Amino acid sequence: MIPSIEWIDNKVKMIDQTLLPHELKFLEFNDYREVANSIKVMNIRGAPAIGVAAAMGMALATIEYKKLPKERFLKEMENAANVIRNTRPTASNLFWAVDRMWKIVSSFPDEPSNISELVIEEAKIMAQEDVNVNKAIGKNGAALLNNGDVVLTHCNAGSLATVQYGTALAPVRSAIEEGKNISVIADETRPRLQGARLTAYELHYDKIPVKVITDTSSGLIMRLGLVNKIIVGTDRVTSDAVFNKIGTYLVALAAKDNNIPFYVAAPTSTLSLSETVDDVIIEQRDSKEVSNILGKVQIVPDGVECMNYAFDITPFRLVTGIITEDGVFSPDELLKKYKN
Ligand code: MRU
């Protein structure tokens, strides 16, 4: 699958994921405000991809402000950082990436003019790191999959949700590269249909067998014995739970009830173990995403309100294991390994 985002000639180039699967169109930005907006309106989405976009947005801001005197430069960069931070509240990669860039920006002794190259370099390093981490998650997770396994996934935690290769879909890709026959069942993932539109698109693109189901049928599909393992991504892992796309919690409950292993693929950039569930803001998006299918076909009568929480909480008791770039860990083992 082609990279979802790249830094090319001091511009940010990304796939417009709102148009998939019907059109593969690229957007190019040279203004950090445009990148921030692309995160908000979800031209780009998925925690790791949002993180890299945020980093590249900061790099664009350094190009815009590098000729300013240092104090003004820091002021403008602080403003740019806040504009990017205020796009979406739940994915921890967004804040991790801005903080990583801010550390460079704020600790730079010299005149701003030299700083932009460093920040651009760091954004490129983060993009490459993302791919390396996903490949490591793939290897670690592939060992969990047996030849012939059917893996159910929710939302899109694939190549499109990262720079490339994906997190939850990485073990599938790696296992297939190792010669195993693996197929995928993708929840459509209302209301923005990331499973039906994006997971199906990228797996079909890579000739990996995939079937799409309604979110409400995953419990029966498990009970019928049509699923061997479940692997989902995450937007934030706190010291007591996993945050991921709305509906993940219900998948985890059904998995428990049907004794199906439930794994979470989590780059360490998504771990936020100093927090608990009470510290996290769950994004609420426009109710039109619920009342109108993809902003078009209205399915809810005028005058009827909709609620649109974008993420939910899966407690650790429902999680079999968490796959990071360092290995596979039970929730307790994860806390021992990564919690300071
Ligand atoms: O609203 P989205 O599409 O950004 O939500 C994405 C998810 O919930 C993914 O599962 C998560 O970000 C992990 S992506 C590797």
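Since the structure is predicted, the reported quantities are computational estimates derived from the model, not experimental observations. For this chain, numbers begin at 1 and follow the sequence in order.
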Side chain to side chain contact (heavy atoms under 4.5 Å, CB included) between Thr189 and Asp215: does it pass, once the steps are laid out? CA-CA 6 Å; Thr189 317; Asp215 299 332; 4.2 Å; yes
Give a yes or no on whether a salt bridge exists between Glu129 and Arg100, defined as a side-chain N under 4.0 angstrom from a carboxylate O.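 Salt bridge flag = yes for Arg100 with Glu129.
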Do Ile323 and Pro171 make a side-chain contact, defined as non-hydrogen atoms from C-beta onward lying under 4.5 Å apart? yes
Applying side chain to side chain donor-acceptor pair (under 3.5 Å) to Asp130 and Asn134, what does each step give before you reach the verdict? CA-CA 6 Å; Asp130 176 79; Asn134 298 338; 3.0 Å; yes
Does Val251 form a side chain to side chain contact (heavy atoms under 4.5 Å, CB included) with Phe262? I'd like the steps, not just the answer. CA-CA 9 Å; Val251 172; Phe262 179 90; 4.1 Å; yes
Counting heavy atoms not belonging to Lys180, are there more than 12 under 6.0 Å from its NZ? yes
Just checking Asp9: does its CG atom have more than 12 heavy atoms from other residues, nucleotides or ligands closer to it than 6.0 angstrom?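 Counting other residues, nucleotides and ligands, CG of Asp9 stays at 12 neighbours or fewer.
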Test item: side-chain donor near acceptor, Ser174 and Tyr165, under 3.5 Å: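 Yes, because at least one side-chain N or O of Ser174 sits under 3.5 Å from a partner of the opposite role on Tyr165.
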Near Glu305 CD, under 6.0 Å, is it more than 12 heavy atoms from other residues, nucleotides or ligands? no
Are the side chains of Val242 and Val319 in touch, meaning some heavy atoms are under 4.5 Å apart? yes
Please tell me if the side chains of Leu273 and Leu334 come closer than 4.5 Å, counting only heavy atoms from C-beta onward.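 Side chain of Leu273 against side chain of Leu334, heavy atoms only: contact under 4.5 Å found.
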Under 3.5 Å, is there a donor on one side chain and an acceptor on the other for Ser272 and Ser92? no
What closest approach, in Å, do Glu283 and Thr90 show between heavy atoms, and which atom pair accounts for it?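 Closest heavy-atom pair between Glu283 and Thr90: N-OG1, 3.0 Å.
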Any heavy-atom pair between the side chains of Asn228 and Ile260 that's under 4.5 Å? no
Arg88 side-chain N/O to Lys40 backbone N/O, donor-acceptor pair under 3.5 Å: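 It does not hold such a pair.
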Where is the tightest heavy-atom contact between Lys245 and His154, given as atom of each residue plus distance? O-CD2, 3.8 Å
Charged N-O contact under 4.0 Å between Arg190 and Glu188: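 No, no charged N to carboxylate O under 4.0 Å.
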Assigning hydrophobic clusters by single linkage (Ile, Leu, Val, Met, Phe, Trp, Tyr; side-chain heavy-atom cutoff under 4.5 Å), is Val237 placed with Ile282? no
Do Glu289 and Asn308 have side-chain N/O donor and acceptor atoms under 3.5 Å apart? yes
Hydrophobic clustering (ILVMFWY, side-chain heavy atoms < 4.5 Å, transitive) - are Ile231 and Met1 grouped together? no
Does any non-hydrogen side-chain atom of Ser287 lie less than 4.5 Å from one of Val290?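 No, side chains not in contact.
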State, yes or no, whether a side-chain contact exists between Phe243 and Ile281 at a heavy-atom distance under 4.5 Å.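 The answer is no; the side chains never approach within 4.5 Å.
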Under 4.5 Å between side-chain heavy atoms, hopping through other hydrophobics if needed: is there a path connecting Leu152 to Leu169?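 No, Leu152 does not connect to Leu169 through the hydrophobic network.
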Assess the side chains of Asn132 and Gln128: does a donor N or O sit below 3.5 Å from an acceptor N or O? yes
Cationic N near anionic O, under 4.0 Å, Glu71 to Lys75: no
Identify every side-chain donor-acceptor pair in residues 46-57 under 3.5 Å, counting partners at least two apart or on other chains, and give the distances.
none

Between Arg85 and Asp99, is there a salt bridge with N-O shorter than 4.0 Å?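 Salt bridge: yes.
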Using 4.0 Å as the upper bound for N to carboxylate O, is an ion pair formed by Arg33 and Asp31? yes
Step-by-step salt bridge (Lys or Arg N to Asp or Glu O under 4.0 Å) determination, Asp149 to Lys229: CA-CA 7 Å; Asp149 270 357; Lys229 313 260 166 37; 2.6 Å; yes
Do the side chains of Gln284 and Met307 get nearer than 4.5 Å, heavy atoms only?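 Result no, sub-4.5 Å side-chain heavy-atom pair not found.
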Between Lys13 and Glu28 (salt bridge meaning N to carboxylate O under 4.0 Å), is one present in this structure? no
Between Glu325 and Thr268, does a side chain to side chain donor-acceptor pair (under 3.5 Å) hold up when you go through it step by step? CA-CA 7 Å; Glu325 60 266 38; Thr268 51; 2.5 Å; yes
Is any side-chain heavy atom of Asn244 closer than 4.5 Å to one of Thr314?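 Contact flag for Thr314/Asn244 side chains = no.
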Using only heavy-atom distances, determine whether the side chains of Thr324 and Tyr338 contain a donor-acceptor pair under 3.5 Å.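 Short answer, yes.
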Between Leu160 and Leu94, is there shared hydrophobic-cluster membership here, with clusters defined by ILVMFWY side-chain heavy atoms closer than 4.5 Å? no
Please lay out, stage by stage, how Val227 and Ile230 fare under the test side chain to side chain contact (heavy atoms under 4.5 Å, CB included). CA-CA 8 Å; Val227 175; Ile230 295 165; 4.1 Å; yes
Inspect the contact between Arg236 and Glu275 and indicate whether a charged nitrogen and a carboxylate oxygen are less than 4.0 angstrom apart.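 Answer for the salt bridge query: yes.
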Shared hydrophobic cluster for Ile115 and Leu74 (ILVMFWY, side-chain gaps under 4.5 Å):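 Yes: a chain of side-chain contacts under 4.5 Å links Ile115 to Leu74.
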Would Phe311 and Thr248 satisfy side chain to side chain contact (heavy atoms under 4.5 Å, CB included), going step by step from the backbone distance to the final call? CA-CA 8 Å; Phe311 301 98; Thr248 304; over 6 Å; no
Side-chain H-bond candidate by donor/acceptor type, Thr199 with Asn156, under 3.5 Å: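 Note: Thr199 and Asn156 side chains meet the donor-acceptor criterion.
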Between Ala142 and Glu178, what is the shortest heavy-atom contact and its length?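 Nearest pair, atom of Ala142 first, then Glu178: CB-OE2, 3.5 Å.
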Might you work through the salt bridge (Lys or Arg N to Asp or Glu O under 4.0 Å) test for Arg173 and Glu202, ending with a clear yes or no? CA-CA 11 Å; Arg173 288 194 161 95; Glu202 64 170 274; 2.8 Å; yes
Using the test salt bridge (charged side-chain N to carboxylate O under 4.0 Å, His left out), find all partners of Arg45 that sit at least two apart in sequence or belong to another chain.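 Salt bridge (charged side-chain N to carboxylate O under 4.0 Å, His left out) list for Arg45, sorted by chain: empty.
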Tell me whether Lys337 forms a cation-pi arrangement with Phe329, defined as NZ or CZ under 6.0 Å from the six-membered ring centre and within 45 degrees of its axis.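 Not flagged: Lys337 not positioned over aromatic ring of Phe329.
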If every non-hydrogen atom of Ile137 is compared with every non-hydrogen atom of Pro267, which pair is closest and at what distance?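 Looking at all heavy atoms of both residues, the closest pair is CD1-N, 3.7 Å.
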Quick test of your reading of the model: are Lys135 and Glu177 salt-bridged, counting only N-O distances below 4.0 Å?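 Salt bridge between Lys135 and Glu177, a charged N being under 4.0 Å from a carboxylate O: no.
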Check the side chains of Asp16 and Thr18 for a donor-acceptor pair under 3.5 angstrom, ignoring hydrogens and angles. yes
Considering all heavy atoms, the nearest Asn258-Gly219 contact: ND2-O, 4.2 Å
Flag the pair Lys25 and Glu23 as a salt bridge only when some basic side-chain nitrogen lies within less than 4.0 angstrom of an acidic carboxylate oxygen. no
Within a 6.0 Å radius of atom CZ on Phe26, are there more than 12 heavy atoms belonging to other residues, nucleotides or ligands?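 Atom CZ in Phe26 is crowded, with more than 12 foreign heavy atoms closer than 6.0 Å.
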Under 3.5 Å, is there a donor on one side chain and an acceptor on the other for Thr238 and Asp240?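 Looking only at side-chain atoms, Asp240 and Thr238 do form a donor-acceptor pair, the distance falling under 3.5 Å.
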Nearest non-hydrogen partners of Arg197 and Gln17, listed with the distance: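 The answer is NH1-O, 2.8 Å.
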Do Thr270 and Asn93 meet the criterion of a side-chain donor-acceptor pair at a distance under 3.5 Å? yes
